[in-house]
2 protein chains.
Amino acid sequence: MLHTEVVGAIRAMLLEGEIPPGARIPERELCDKLQISRTPLREALKVLAVDGLVQLLPNRGARAAKLTDKDLRDLFEVCQGLEALAGELACERIGDAQVATIEAAHIEMAQHHREGDLAGYYRCNRLIHEAIVAAADNPVLSGLYESVTARIRRARYVTPMTPERWALAMQEHDAILNMLKRRDGFGLAHILHTHLRHKREEVIRAGFAEDGRMSEIDR
Amino acid sequence: MLHTEVVGAIRAMLLEGEIPPGARIPERELCDKLQISRTPLREALKVLAVDGLVQLLPNRGARAAKLTDKDLRDLFEVCQGLEALAGELACERIGDAQVATIEAAHIEMAQHHREGDLAGYYRCNRLIHEAIVAAADNPVLSGLYESVTARIRRARYVTPMTPERWALAMQEHDAILNMLKRRDGFGLAHILHTHLRHKREEVIRAGFAEDGRMSEIDR
DNA sequence: TTTGGAAATTTTGAATGCAAAATTGCGATT
DNA sequence: AATCGCAATTTTGCATTCAAAATTTCCAAA
């Protein structure tokens, strides 16, 4: 299944920043690197254009999409909506075992917080958010969530936090776990919504956007 | 821009049911019909597979995706989430003129309801929902909404309603307009959420799913 | 030196070609 | 008559080719 692998390979390059945002993507060059012909490569580029990772310019090739401040805002907003929905549905469907798994990740995350280990914190954090989405048992939701979060992952999990913000985020996560245990879908949706809004404000304040002044060659 | 047009043409065929759900899509045949070669056709099929309209089977071609009851549930749930989010954002951003446009559509819709004109009702209904999403001023949200609603459009806007359900839907729309006028994002999100849940229950009760018993040749 | 513009080169978009996989058709065997 | 197996045909996946568009190069003129 060559085509699928190519999509994955290019997606990884884009998400890792191996192909920097805004950079042109010369077909020939990528073909050489991936050892494939242009046909599957071009199919992959069109697929990636659908979920916004690549921008296709007619007769002028493809380039890695840039995240503007507006893009970040829009993506985080949608993420808010999707996670809130996921929380609500998860409360209807999650089993005790799944809650226990999340609680374990939560406890480990709190430990990382106390130790000031941001990378460890983010790792557990991500596990928790993804577990809630998985618990919603809705493949359409999972797919959209994956697509949206992939685009903001670096912003979300790289931006440093002030101690105050970090403490607040931990408090919010305490509330998230609580709502989940109580199966309070409404409350969980609300707190997730707020949690993500805070994260968004933080990321945008940090100025993560990739739409700096373009150099001439970027045009 | 051949590729884009091909995607549109095939999407239309799938949504209109011109290619029935579950049917195989022989490349050669479609190429002849659209007067194109296999390359852009195959690109289009892969693009359509991304948003779930087409199912790609390795070495065995493409087929029009079927909507199972589970798919309908999942899609409606996501739609609930997206519309609720749209409502909330719309209240922060919508202008008086846009509200006035929606109110006009609402009034016309109420008239259609009184006259028992279901088609006219649905037409206005759709305008209102789409206007709310547009007012959220979030292209990512609009894109996902379009993709999700396209797949359930026939179910949503074809299913007949009992007089009671129809009256309830109208009541809900009165509330929607009210919340919008008052810019009550929270309330609007809630009522939209409920409104869509009712619609979903209705559609699933009506048994719109396309996953009936497969005949042998469908395999 | 800088600018204008045409020719050469590169790159893109789509058609065609080719090998591998899957499907079909047909006949032999039970 | 039904079933199995194998060859013929079709269909798919990818590579290659070809024409059109865009980009670059290069040289002449201001």
Side-chain angles (χ1 to χ4, degrees), chain A residues 1-14 18-66 213-219, chain B residues 1-14 18-66 213-219:
Chain A
M1 228 173 305
L2 190 41
H3 160 260
T4 321
E5 296 162 29
V6 174
V7 171
I10 302 177
R11 170 176 280 131
M13 288 188 217
L14 291 166
E18 189 178 330
I19 300 175
R24 292 201 50 187
I25 303 176
E27 293 181 1
R28 182 58 56 96
E29 193 178 304
L30 256 191
C31 287
D32 293 346
K33 190 179 305 197
L34 299 175
Q35 295 290 328
I36 54 170
S37 77
R38 286 177 56 222
T39 307
L41 180 87
R42 289 170 54 78
E43 288 172 354
L45 289 176
K46 286 185 170 63
V47 165
L48 291 167
V50 172
D51 46 44
L53 283 169
V54 159
Q55 190 182 2
L56 255 34
L57 304 110
N59 286 317
R60 310 181 78 226
R63 55 177 59 216
K66 278 188 185 181
R213 288 259 149 271
M214 285 198 287
S215 65
E216 288 303 320
I217 59 163
D218 276 356
R219 296 266 154 68
Chain B
M1 228 172 309
L2 188 43
H3 159 260
T4 321
E5 296 161 29
V6 174
V7 172
I10 302 178
R11 171 176 278 129
M13 287 187 215
L14 291 166
E18 188 179 332
I19 300 174
R24 293 202 50 188
I25 303 177
E27 294 180 2
R28 182 55 58 95
E29 193 179 302
L30 255 191
C31 287
D32 293 347
K33 189 178 306 193
L34 299 176
Q35 294 291 328
I36 55 172
S37 76
R38 286 177 56 222
T39 305
L41 180 87
R42 289 171 55 79
E43 289 172 354
L45 289 175
K46 285 184 171 64
V47 165
L48 291 167
V50 172
D51 46 45
L53 282 170
V54 158
Q55 191 181 3
L56 254 35
L57 304 113
N59 287 317
R60 310 182 75 227
R63 58 177 57 215
K66 278 187 185 182
R213 289 259 150 269
M214 286 197 289
S215 64
E216 288 304 320
I217 59 164
D218 276 354
R219 296 263 156 69

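Heavy atoms only: backbone and side chains are in, while hydrogens, waters and symmetry mates are out. Numbered from 1 within each chain, the chains take letters A, B, ... in sequence-line order.
- When the P atom of dG13(D) is taken as reference, atom CD1 of Ile25(B) falls 12 Å away, rounded to whole Å.
- Proximity of Arg42(A) to the phosphate of dG13(C): a side-chain N or O atom is located under 4.0 Å from OP1 or OP2.
- Distance Leu57(B) CG to dA21(C) P: 17 Å, rounded to the nearest Å.
- Two residues, Ile36(B) and Pro26(A), neighbour DNA chain C, and the one matched to the more 5' nucleotide by heavy-atom proximity is Pro26(A).
- Straight-line distance from the CZ atom of Arg24(B) to the P atom of dA22(C): 12 Å, rounded to whole Å.
- With distances taken from any side-chain atom of Asn59(A) to the nucleotides dA21(D), dA21(C), dC14(D), the minimum falls on dA21(D).
- Distance, Glu43(B) CD to dA15(D) P: 14 Å, rounded to whole Å.
- Rounding to the nearest 0.5 Å places NE2 of His3(A) at 10.0 Å from CG of Leu41(A).
- Rounded to a whole Å, the CD atom of Gln55(B) is 16 Å from the C1' atom of dT12(D).
- The distance between atom CZ of Arg60(A) and atom P of dT12(C), rounded to the nearest whole Å, is 11 Å.
- For dG13(C), the base has a donor-acceptor partner in the side chain of Arg38(A) [N/O atoms by modelled type, under 3.5 angstrom].
- The side chain to side chain contact (heavy atoms under 4.5 Å, CB included) with Val6(A) is formed by just one residue from the set Ile36(A), Val47(A), Leu30(A); it is Ile36(A).
- Candidate nucleotides dA15(C), dT11(C), dA22(D) were compared by shortest atom distance to the side chain of Thr39(A), and dA15(C) ranks first.
- If you take CG of Leu34(B) and P of dA15(C), they are 11 Å apart, rounded to a whole angstrom.
- The shortest distance between the side-chain N/O atoms of Arg28(A) and the OP1/OP2 oxygens of dT10(C) is not below 4.0 Å.
- As a whole-Å value, the separation of Glu5(B) CD from dG13(C) P is 14 Å.
- Residue Leu53(B) holds its CG atom at 10.5 Å from CD1 of Ile10(B), rounded to the nearest 0.5 Å.
- With hydrogens and angles ignored, the 3.5 Å screen pairs a side-chain donor or acceptor of Gln35(A) with a backbone N or O of Asp32(A).
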Applying side-chain contact (heavy atoms from CB on, under 4.5 Å), run through Arg42(B) and Thr39(A) and close with a yes or a no. CA-CA 10 Å; Arg42(B) 289 171 55 79; Thr39(A) 307; 5.9 Å; no

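- Scanning atom types as modelled, no donor and acceptor separated by under 3.5 angstrom connect the side chain of Ser37(B) and the base of dA14(C).
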